[in-house]
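Down below is the structure, laid out as structure tokens.
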Amino acid sequence: MSEDMEEGGTVKKFMYMNRKAPYGTIYALEALEVVLIGAAFDQDVSLAFIDDGVFQLTKDQNTDDIGIKNFSPAFRALGDYDVTKLYVEKESLAERGLTQDDLMDLVWEDEDDDWAEKPSIIMVSRDEMKKVLGDQDVIMSF
Amino acid sequence: MKFGVVVNEGPYTHQASDSAYNFTKAALAKGHEIVRVFFYHDGVNNGTRLTVPPSDDRNIQENWSALAKEHELDLVLCIAAAQRRGILDENEAKRQGKDADNVAEGFRISGLGQLIEAGIQADRLVTFGD
């Protein structure tokens, strides 16, 4: 378990696992609410998208006909909250007939690099995802 | 060891709350510390005092309330999740202009920050749900 002391507080590696489709159940929306609140706590935050969770990041979502709010634009704001590591499992995409081109182009601005825009989405294999998860201190699964 | 417990499903429909309760009880019996039990998603429905299960069944809410009393447990219902689902304490009912409140003894309503804080303070955060 890695715990560094920073400004008198504990910094842990927090992982939010997103496993479910954006609509159909409320898990994805309420997971994002935790991420946004959690961003205020200055922890080392990552998100993972596996299984149907990869649908949360698809572009051009349109929920007009189901009467439920399309919350996918909120993912674009994550960079402003210093949430810059979104791990997407390649196999989960492929199993659903998706490629990275179907996902939103999410970026964050690196203040240490003249505010250069950098990609937030990190494509990983199932094996690599295991390692990423093994590295975490706190995993919240939605 | 310090545990944080998260309950993500409502009572009776799903076994998550029973399992979380049994885990919490067992952990306390072994001398571990429970820093907080946080109820999220439909899990907030565990905290309404208006549940009336059949008399030959367990009363999940009363079990939690009793355990909280015995061990001074901190049972927290997420305010955003609770408001969506009609779980209000006296203050919130007043503030929202509602004619009733229903939070059970031993539970309190607070923000999602309490979940993050539990993750920071606990050695292990254990989630019960789908």
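Predicted model only: the values in this text are computed from it and were never measured. Every chain is numbered from 1 and lettered A, B, ... according to where its sequence line falls, protein lines coming before strand lines.
One hydrophobic cluster, built from ILVMFWY side chains closer than 4.5 Å, holds both Phe49(A) and Leu103(A).
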Show the numbers, then the answer: is there a side chain to side chain contact (heavy atoms under 4.5 Å, CB included) between Ile116(B) and Val34(A)? CA-CA 8 Å; Ile116(B) 309 296; Val34(A) 179; 3.8 Å; yes
Test side chain to side chain contact (heavy atoms under 4.5 Å, CB included) on Met140(A) and Tyr40(B) and set out the steps. CA-CA 12 Å; Met140(A) 296 197 200; Tyr40(B) 197 43; over 6 Å; no
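Atom OH of Tyr81(A) is surrounded by 12 or fewer heavy atoms from other residues, nucleotides or ligands within 6.0 Å. Crowding of Lys69(B) atom NZ: a count of heavy atoms from other residues, nucleotides or ligands under 6.0 Å not exceeding 12. Atom CG of Asn22(B) has more than 12 heavy atoms from other residues, nucleotides or ligands within 6.0 Å. Residue-environment remark: CD (Glu105(B)) stays at or below the threshold of 12 foreign heavy atoms within 6.0 Å. Within 6.0 Å of the CD atom in Glu72(B), the count of heavy atoms belonging to other residues, nucleotides or ligands does not exceed 12. Residue Glu95(A) qualifies as enclosed at atom CD: its count of foreign heavy atoms under 6.0 Å is above 12. Counted within 6.0 Å of NZ on Lys118(A), heavy atoms from surrounding residues, nucleotides or ligands total more than 12; the atom is thus considered enclosed.
In this structure, chain B has a heavy atom under 4.5 Å from the side chain of Leu29(A), while its backbone stays farther away. Only the side chain of Phe14(A) comes within contact range of chain B, judged by heavy atoms closer than 4.5 Å. In this structure, the portions of Ala81(B) lying under 4.5 Å from any heavy atom of chain A include both its backbone and its side chain. Only the side chain of Gln43(A) comes within contact range of chain B, with heavy atoms under 4.5 Å apart.
Between the CG atom in Leu125(B) and the NZ atom in Lys12(A) there is a gap of 8.5 Å [rounded to 0.5 Å]. Taking CG from Asp42(B) and CD1 from Ile26(A), the interatomic distance works out to 8.0 Å, rounded to the nearest 0.5 Å. The CD atom of Glu117(B) sits 11.0 Å away from the OG1 atom of Thr10(A) when rounded to the nearest 0.5 Å.
Between Asn8(B) and Glu30(A), every side-chain heavy-atom pair lies at or beyond the 4.5 Å cut-off.
Among all heavy-atom pairs drawn from Lys20(A) and Asp130(B), the shortest one is NZ-O, 3.5 Å.
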